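Below is one structure, written out as structure tokens; the observations come after it.
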Amino acid sequence: MATHAGIDKSAVVRAAAKIADDKGWDALRLADVAAKLRIRPPSLYNHIGGMSGLRRELGLMAARELGVALARATVGKSRDDAVRGLAAEYRAFVKRHPGIYAATMIAPSRNDAEMKTAGDEVINTCLAVLSGYGFRGDDGIHAVRAMRSAVHGFCALESAGGFGIPLDADKSFKWLVDALVVGLAARARSRS
């Protein structure tokens, strides 16, 4: 395969993201990325640091895109509406990007300032949403973890085909988010 002009790190990452989203995070291979770009696999190393470098770039892309999406979904909303907006967008992001979403599950290295900043944007949006219930500091982090675990768990099961009972998953998701909102409000009241 010939090397094509116009291929840069961004093109490599976008091609890899498409493959990961189509085939799955674990199915991502450098050879497939090279084939998609119509270049030889060794040419990828001009743009990325092998598979680990590519996975890091995909994680950075996913965290940034998720952060922007969650911020947009919650702007101008507070408390229950903000939680509902955040949860709905989180689920929509997982549906749009099931492959690269997997990269957001790994906490960034403390030495990787760029990844930490991207991850912090997601966390800060969640903290801002939950501050409407009065959660700050350690309680804020506990609340973020609880909310993320609930929504992620639903999304992971849904993506894996784990809901085999013929019942509307949208209604189940609404039920989950309603329960989460009630739980957050009750927890906030009990702390007063």
Side-chain angles (χ1 to χ4, degrees), residues 20-21 24-25 56 58-192:
D21 286 342
W25 180 250
R56 186 245 178 219
L58 289 170
L60 184 59
M61 168 195 250
R64 285 177 173 161
E65 289 185 14
L66 180 60
V68 168
L70 295 180
R72 281 188 188 143
T74 58
V75 71
K77 297 176 182 170
S78 64
R79 288 186 57 105
D80 301 356
D81 289 339
V83 169
R84 285 186 173 89
L86 187 137
E89 184 52 40
Y90 196 101
R91 182 180 180 214
F93 183 87
V94 174
K95 286 181 175 188
R96 283 191 311 269
H97 300 293
I100 65 169
Y101 168 72
T104 68
M105 295 297 98
I106 302 162
S109 164
R110 292 180 185 202
N111 299 329
D112 190 336
E114 199 173 23
M115 282 291 289
K116 184 176 177 334
T117 298
D120 285 352
E121 290 299 317
V122 172
I123 299 297
N124 289 339
T125 295
C126 294
L127 286 170
V129 164
L130 294 167
S131 71
Y133 296 93
F135 298 121
R136 289 176 180 72
D138 289 350
D139 279 345
I141 297 299
H142 293 312
V144 168
R145 287 177 175 172
M147 183 174 62
R148 181 181 180 205
S149 295
V151 175
H152 165 75
F154 187 98
C155 293
L157 287 166
E158 183 177 38
S159 292
F163 297 142
I165 297 171
L167 189 62
D168 187 344
D170 292 340
K171 289 181 181 177
S172 295
F173 188 73
K174 182 182 180 319
W175 198 99
L176 170 82
V177 175
D178 287 347
L180 187 58
V181 164
V182 168
L184 289 168
R187 180 74 179 173
R189 281 191 306 275
S190 73
R191 293 174 57 248
S192 302

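In this text, all values refer to a predicted model and were calculated from it rather than measured experimentally. These numbers come from the heavy atoms of this one structure, side chains and all, not from hydrogens, waters or symmetry mates.
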Closest non-hydrogen atoms of V83 and L180, given as atom of the first, atom of the second and distance, are CG1-CD2, 4.4 Å
Here the pair of heavy atoms bringing D170 nearest to K95 is OD1-NZ, 4.3 Å
Note to self: Please check: side-chain N/O of K171 versus main-chain N/O of L167, any donor-acceptor pairing under 3.5 Å?
What the structure shows: no
I'd like to know if the side chain of S159 reaches the main chain of A156, judged simply by a donor and an acceptor atom lying under 3.5 Å from each other, with no hydrogens or angles considered. no
Residues 122-141 vs salt bridge (Lys or Arg N to Asp or Glu O under 4.0 Å), sequence neighbours excluded, gives D139-R191
Heavy-atom side-chain proximity of M147 to C126 below 4.5 angstrom: yes
Across all chains, not counting sequence neighbours, the ring pair (Phe, Tyr, Trp, His ring centres under 6.0 Å) partners of F173 are F154
CG of D112 to CZ of R56, rounded to nearest 0.5 Å, is 4.0 Å
Correct closest heavy-atom pair for A87 and V151 would be CB-CG2, 4.0 Å
Strictly distance-based, threshold 3.5 Å: is any side-chain N or O of Y133 a donor or acceptor partner for the main-chain N or O of A186? no
key: Verdict with supporting geometry, E65 and V68, side-chain contact (heavy atoms from CB on, under 4.5 Å)   = CA-CA 5 Å; E65 289 185 14; V68 168; 5.9 Å; no
Smallest heavy-atom separation, T74 atom then A82 atom, equals CG2-O, 3.6 Å
Taken to the nearest 0.5 Å, the spacing of T104 OG1 from H97 NE2 works out to 11.5 Å
Item to complete: State whether the side chain of R79 and the backbone N or O of G132 hold a donor-acceptor pair below 3.5 Å, judged by distance alone.
Response: yes
Decide side-chain contact (heavy atoms from CB on, under 4.5 Å) for F135 and L127; before the verdict, give the C-alpha distance in whole Å, the side-chain angles of both, and the deciding distance to 0.1 Å.
CA-CA 8 Å; F135 298 121; L127 286 170; over 6 Å; no
Less than 4.5 Å apart, any side-chain heavy atom of R84 and any of D178? yes
query: Step by step, would you call E89 with R72 a side-chain contact (heavy atoms from CB on, under 4.5 Å)?
result: CA-CA 9 Å; E89 184 52 40; R72 281 188 188 143; over 6 Å; no
On a heavy-atom basis, the closest approach of A63 and V122 is O-CG2, 3.6 Å
**OP:** Could you tell me whether D168 and K174 have a side-chain N and a carboxylate O separated by less than 4.0 Å?
**Re:** no
* Verdict with supporting geometry, E114 and R64, side-chain contact (heavy atoms from CB on, under 4.5 Å) -> CA-CA 10 Å; E114 199 173 23; R64 285 177 173 161; 2.9 Å; yes
_Check: G99 main-chain N/O paired with D21 side-chain donor or acceptor under 3.5 Å_ = yes
- Message: Using salt bridge (Lys or Arg N to Asp or Glu O under 4.0 Å), reason through E121 and K116 one step at a time and then give a plain yes or no.
- Response: CA-CA 9 Å; E121 290 299 317; K116 184 176 177 334; over 6 Å; no
Of L70, L86, D81, the one forming a side-chain contact (heavy atoms from CB on, under 4.5 Å) with V129 is L86
Q. Is there a side-chain contact between R96 and Y101, using heavy atoms and a 4.5 Å cut-off?
A. no
Here the gap from S172 atom OG to L157 atom CG, rounded to the nearest 0.5 Å, amounts to 11.0 Å
Heavy-atom closest pair (A73 atom, G85 atom, distance to 0.1 Å) is CB-O, 3.5 Å
